[in-house]
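Beneath this line is the structure, given in structure tokens, with notes to follow.
No hydrogens, no waters, no symmetry mates; every other heavy atom, side chains included, goes into these values. Convention: sequence-line order gives letters A, B, ...; per-chain numbering from 1.
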Amino acid sequence: MKIYTKELLIKELRSIRDMGWILSRRGKNDGAVGNTLEDLLGIEENNLPIPNAAEWELKAQRKNTNSLTTLFHMEPSPRALKFVPSILLPIYGWSHDKAGDKYPIGEMSFRQTLNATGVSDRGFSVKVDRLERKVSITFDPSKIAERHSEWFLNMLARGGGHFEHYPYWGFDDLFHKAGTKLHNCFFVRADNKVENGKEYFLFNEILMLKKFSLEKFVEAIESGDVYIDFDARTGHNHGTKFRIRDKKIPDLYAESVVL
DNA sequence: GGTACCTGGAA
DNA sequence: CTTCCAGGTAC
């Protein structure tokens, strides 16, 4: 495997930018833009919680999306409770839209995109406690929207309605994860097009971000810029993600340079 | 085979 | 904006 320095990454990313339209290396896969960039750099797909290349993390995104950018994945504490697969999905989940169709009858879904400045229509939110040094998920049944009243009753029948323990992430765990994975980052935005059913990317906007700030990260959680995103169905827990709007990514770093 | 990570989306 | 969602791998 190639060892990448910052200088080599800059050179290769500029070279990729100059290659023009590049056929996606992956089929129907939402992550194709990032997977294709990694393929071009010779980085094998992995699920290791480390930067992609040396001390540099790579992030790619299609320009024509409003989606959040995923910073990293981390399941909440207390880890022993296995909150998502044991509690949130089976008790607080709902029938997946494609249950009995693409998925088996009984397939459940628990998807929530939460931040500290709002409450979801199922009553979940995010709270930052600097004294206890943790980020917690809160649940307030009184905030559940009318359209979810049937879900609410089903959830009560399954034994839900209040948390005995709240899912949380300790600052130290978050800082270790973010500090090791995101310390330096290339954020590449790509134009994309589909011709004859095949997707092409033009990796033509490259941003170099240096020195991830843990304090700015906490501030971004408090201000609602960082989201916590649950993404599980019965057959596949995609994991719990910390995500952010692309325009806010540079706010997490001490230095940003357009290449 | 369940759990927890990785890469990212749509209306 | 919020609500809900995709295909991968390691162990």
Ring center gap for [X] and [Y] short of 6.0 angstrom:
X	Y	value
F201(A)	F203(A)	yes
F163(A)	Y92(A)	yes
H96(A)	Y103(A)	yes

> Taking for each residue the nucleotide of DNA chain C with the nearest heavy atom, is it N66(A) or D229(A) whose nucleotide lies nearer the 5' end?
Replying inline: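 Going by which nucleotide is closer to the 5' end, it is N66(A).
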
Would you say [N] has OP1 or OP2 under 4.0 Å from some side-chain N or O of [X]?
X	N	value
T65(A)	dG8(B)	no
R245(A)	dC1(C)	yes
H73(A)	dA10(C)	no
R111(A)	dT3(C)	no
R26(A)	dT9(C)	no
W94(A)	dC5(C)	yes
H236(A)	dG7(C)	no
T240(A)	dA4(B)	no
K102(A)	dG7(C)	yes
R233(A)	dC5(C)	no

Under 4.0 Å between any heavy atoms, over every strand shown, what does [X] touch: base, sugar-phosphate, or nothing? Just pick one.
X	result
A60(A)	sugar-phosphate
R62(A)	sugar-phosphate
G34(A)	sugar-phosphate
Y103(A)	sugar-phosphate
H238(A)	base
N46(A)	sugar-phosphate

task = Kindly assign one of parallel, tilted or perpendicular to the pair F110(A) and F230(A), based on the angle between their ring planes and the thresholds 30° and 60°.
result =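 The arrangement is perpendicular - the two ring planes meet at more than 60°.
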
What residues in residues 153-184 of chain A put a non-hydrogen atom under 4.0 Å from any atom of DNA chain C?
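Result for residues 153-184 of chain A: none.
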
Note: contacts of residues 112-124 of chain A with DNA chain C (heavy atom, under 4.0 Å) are Q112(A), T113(A), S120(A), D121(A), R122(A)

message: Using heavy-atom distances to pick each residue's nearest nucleotide on DNA chain B, tell me which of N64(A) and L71(A) is more 5'.
response: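 It is L71(A) whose nearest nucleotide is closer to the 5' end.
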
When F72(A) and P85(A) are each assigned the nearest nucleotide of DNA chain B, the 5'-most assignment goes to P85(A)

Is the shortest distance from a Lys or Arg side-chain nitrogen in [X] or [Y] to a carboxylate oxygen in the other one below 4.0 Å?
X	Y	answer
R243(A)	D229(A)	yes
R233(A)	E107(A)	yes
R25(A)	E45(A)	no

Decide yes or no for D251(A) and K216(A): does some side-chain heavy atom of the first lie under 4.5 Å from some side-chain heavy atom of the second?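 Contact flag for D251(A)/K216(A) side chains = no.
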
* Compare all side-chain heavy atoms of L68(A) with those of I244(A) and state whether any distance is below 4.5 angstrom. =>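 They are not in side-chain contact.
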
Donor on one side chain, acceptor on other, N192(A) and N64(A), under 3.5 Å: yes

Notebook entry, point to check: Please walk me through it: do F186(A) and W56(A) pass ring-ring contact (aromatic ring centres under 6.0 Å, His included)?
Noted result: CA-CA 7 Å; F186(A) 286 100; W56(A) 288 86; 4.7 Å; yes

Of the candidates dC5(C), dT2(C), dC6(B), the side chain of Y227(A) sits closest to dT2(C)

Here the distance between atom P of dG2(B) and atom CD of E107(A), to the nearest Å, is 11 Å

